[in-house]
Amino acid sequence: MVWIPRRISGRIGKAMSILVDAASRVLVQGITGREGMVRTQLMKDYGTTVVAGVTPGKGGQNVCDVPVYDSVEEAWQASGPLDISVVFVPAMLVKNAALEAIAAGIKLVVIVPDRVPILDVLEIARFADIKGARFVGPNTLGLVSPGKAVLGMIGGRAESAREWFRPGPVGVTSRSGGMTSAISYYLTEAGIGQSTIVHVGGDAVVGMSHPEVVASFQEDEQTRLIVMFGEIGTTQEERVADLIENGNVTKPVVAYIGGKAAKSGTRFSHAGAIVEGTRGSHASKVERLQAVGVQVVDSIADIPQVAAQLLDSMGGKNE
Amino acid sequence: MARIYEYQSKNLLKKGGVPTPQGEVASTPEEARAVAERIGRPVVIKMQVWVTGRAGLGGIQFADSPEEAEAKARELLGKKVKNFVVDRILVEEKLDIEAEYFAGLVIDDAQKCPLLVFSSVGGTGIEEIARTHPEKITKMPVDILAGLREYQVRNLIRKTGITGKPLVQLSSLLTRFYKVAHAYDARSAEMNPLVLTRDGKIYAADCHFTVDDYAVFRHPDLGIEVAREFDRPPTELEKIAYQVEEKDHRGTFYFLQMIDEVSPQDLAIGFNGAGGGGSMMSMDAVLGRGFKLANYCDTSGNPAAAKVYRAAKIILSQPHIKGYFASGSGVASQEQYHSARGLVKAFYEEQLEIPGVIRLGGNFEEKAIEILGTYLKGIPGEVEGYGRDDSPEFCARRMEELIHAGESLGHRVRSIEVLSPPAERYSFEILTGNLFIDQDKCRDCQSKGCVEACTAGILAIEDGRAALAISREDAKRGKCTECLACEIFCKFHEQDAIFIHLPIPGLKEYRDSLINGLDPASDLGKDR
Ligand code: SF4
Ligand code: SF4
């Protein structure tokens, strides 16, 4: 059974979602690998416009009817312009692949692989900054704008992705891959659709972190409410609180912070403690978010109900 | 964050041109004495363990003579400190201290760059000083593409009021420190204290590095056995698990033991999570019913069935666990039948006696649950499969009910039979093992269903017998996805002709030593 979105046309269908659209032109780096091949097919099945692939040395082949090139520059010349690259190369080759995509002029890179060295991530971040590009990940399942396009591996089969995620007013941002899908699925079950669902990635340093995604949702016409799945460690959630406090984010935010039960290990680095202070702990995040008016729920299961109440209080439909 | 010892960190600094006190590592009192003799001055003896506040624990001693050094070393070596047994000490010249500073390098997740931190006071209590005297601390982001320049460091240190020769020395020293930390993929690095001696020299008197887990592969010279943050040395079983992860990069496999030794009385569960967030939620559910977790394990990111199989075999190497609980986020993007098949092969081989609750919600969960239900009927233990609409709390309750319903005294670890199929048996190599087909049995096979079961399409029937349809090289290079579908089909629907051998180095020895009541560490040989 193929589910057909009820309101794919009209206002929602035409507005550009925060990062991707059905018309966005997508490149897959590492397209001939195990994951690259499978995910290219699934992305296409869902409706993503995959126009080219790159695997050095395999130029001239075709994968899922997508032409393969030896470099991003060549792909751009033959099939460009390119808006987005989804990277599926082995972790130790990620830095080179991402820098290549950014240098060629691609403005959004989705880095799926896990185990990318952190200094490589910092180099990518610095170069992206210089070139005015952004990236999601590493260690991300990707993102999906329901009814439009999926990048990465989130949702798996197109059929599942269509069943789990529906278009609607809630922007979802999450640091846990599996929970990104779980939260969105529970919202869908409760009749509440999603504008865009982003797994920001599980690593300590990621390209677009919660604050960047939340700020994008603030600018997004379709998004009326933001759901955030946070976790202990890093300062992402505290920085979202800063955005709200400064008035940069005014849309309502519902948050869950995982890791309450995790025993806080003795911190090994004094420098880390000096720089971060108590930020990063479960209590710190919950306190900061509550202080600026975020609804922090104790259980994932409470999210749909709280979201429904907030949407009702704002008036209007949930889809 | 993989930790390395102080003496290793100092060796790296020395190579990078950062002065460290004269000294050497020792692992016997006699060696300590010899080092002290070579130094020829009063020494300090420091135990090499990954705990903070060593001085307070008696782990730092002073000696005025080689004899005293030997005696102090004898006291320290073999001492148990938190989770460590001291097996090496660092013997160094004692410095004549004029002033102490602090320097550290961390990674700033907000600015996405390395952050250099300097304090004009150092030593113990540095965190307290940071709170009470923030003016003594300065920090600066480093442009990772451009690197760190000496003049930038000079401008940083100047702000704390340091002038003259120390300013120049420190600027050059910190620039070199950054280079070393960067070259070794340090996740964090610090020198505390940095000591200015009365004769005007500056040394890194103590230092700590942690290396980025994901970059350890670039630094084989560091000899890091398990690239993960531990507050204790890794257990033998963790080392075995780590080797599995190192050799197979399809998806993530993380394994950590949470209880030193599970006793028969413990209500401990073997835990197999998937994904950090989902695992945390699932652990909370199990802990909420009063269970303990024997281990933490994460198999996610679309692992091959073979990898999940190995994870299960490792989890089931823990004696006395009362149940096997697998649960992730519930809405996984990965094809869940791979995990189901991995578990089926492992549980069947083990003839699992304890109950299992397996929550495999996500893509193809119906198929995954069906695989568990169909093929695990014949084992002694009760195994139930659940999907995305069954909460972790519900599943944890089922775990409890199944454990209480059974009389099981807990899991019995079995020895692993050494595989010895006849040499003439048809076989081919696959990515991480071997696949054997007893082709004589194929003659009685009606369906020849292995061919259809293999979605990779690499099996075919030749002369009425199953065989490889592609080249041996391709099968070995990964065209056989190790999905285990052919073996499971043939075992349960046909002649049980296929056997996929997936070795786990060290596991047989580990289990045998458990069964013989030996300490696994004692006969497998410790790290040195
Ligand atoms: S299913 Fe088993 S017995 Fe039948 S052909 Fe295949 S391997 Fe042989
Ligand atoms: S031969 Fe085919 S079915 Fe069997 S494990 Fe390999 S890929 Fe799977």
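Here is how names work: the chains are called A, B, and so on, in the same order as the sequence lines, proteins then strands, and each is numbered from 1. Keep in mind it's a predicted model, so treat the numbers as computed, not measured.
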| said: Does K367(B) qualify as a cation-pi partner of Y337(B), given the criterion of NZ or CZ under 6.0 Å from the six-membered ring centre and within 45 degrees of its axis? | reply: yes

| query | Is it true that the NZ or CZ of R3(B) lies under 6.0 Å from the centre of F209(B)'s six-membered ring and within 45 degrees of the ring axis? | reply | no

| request: Walk me through it: do D109(B) and T235(A) pass the test side-chain hydrogen bond (donor to acceptor under 3.5 Å, both in side chains)? | output: CA-CA 7 Å; D109(B) 77 286; T235(A) 58; 3.2 Å; yes

Which portion of [X] sits near chain B, non-hydrogen atoms under 4.5 angstrom:
| X | answer |
| --- | --- |
| E123(A) | both |
| I300(A) | side chain |
| V116(A) | backbone |
| E212(A) | side chain |
| V206(A) | backbone |
| R34(A) | side chain |
| A91(A) | neither |
| L141(A) | side chain |

| Of the listed residues (A274(B), S119(B), S391(B), G362(B)), which shares the most heavy-atom pairs with chain A below a 4.5 Å separation? | G362(B)

| remark: Highest number of heavy-atom pairs under 4.5 Å with chain A among Q111(B), R218(B), M281(B) belongs to R218(B)

| query | Given R175(A) and E237(A), is the salt bridge (charged side-chain N to carboxylate O under 4.0 Å, His left out) satisfied, shown in steps? | reply | CA-CA 10 Å; R175(A) 283 172 61 190; E237(A) 292 79 11; 2.9 Å; yes

| request: Please name the residue in the list V142(B), L105(B), V106(B) that meets the side chain to side chain contact (heavy atoms under 4.5 Å, CB included) test with L115(B). | output: V106(B)

| query | So, T160(B) and S120(B): side-chain donor and acceptor under 3.5 Å apart, yes or no? | reply | no

| Can you tell me if D45(A) and Q41(A) form a side-chain donor-acceptor pair at under 3.5 Å? | yes

In terms of heavy-atom proximity below 4.5 Å to chain A, should [X] be classed as side chain, backbone, both, or neither?
| X | result |
| --- | --- |
| M283(B) | neither |
| F217(B) | side chain |
| E335(B) | side chain |
| R131(B) | neither |
| N302(B) | both |
| P134(B) | neither |

| field | Stepwise side-chain hydrogen bond (donor to acceptor under 3.5 Å, both in side chains) check, Y185(A) with R388(B) | value | CA-CA 9 Å; Y185(A) 171 71; R388(B) 64 177 173 275; 3.1 Å; yes

| N139(A) and D203(A): side-chain hydrogen bond (donor to acceptor under 3.5 Å, both in side chains), yes or no, with the steps? | CA-CA 7 Å; N139(A) 192 8; D203(A) 289 0; 2.9 Å; yes

| said: I'd like to know which of V38(A), L122(A), L42(A) tops the heavy-atom pair count under 4.5 Å against chain B. | reply: L122(A)

| query | Based on non-hydrogen pairs under 4.5 Å, which of M179(A), E35(A), R126(A), R157(A) is most in contact with chain B? | reply | R157(A)

| Is the H219(B) ring parallel, tilted or perpendicular to the Y184(B) ring (thresholds 30°, 60°)? | tilted

| message | I'd like to know whether M228(A) forms a side chain to side chain contact (heavy atoms under 4.5 Å, CB included) with V240(A), so could you lay out the CA-CA distance, the side-chain angles of the two residues, the decisive distance to 0.1 Å, and finally the verdict. | response | CA-CA 10 Å; M228(A) 172 169 80; V240(A) 168; 3.8 Å; yes

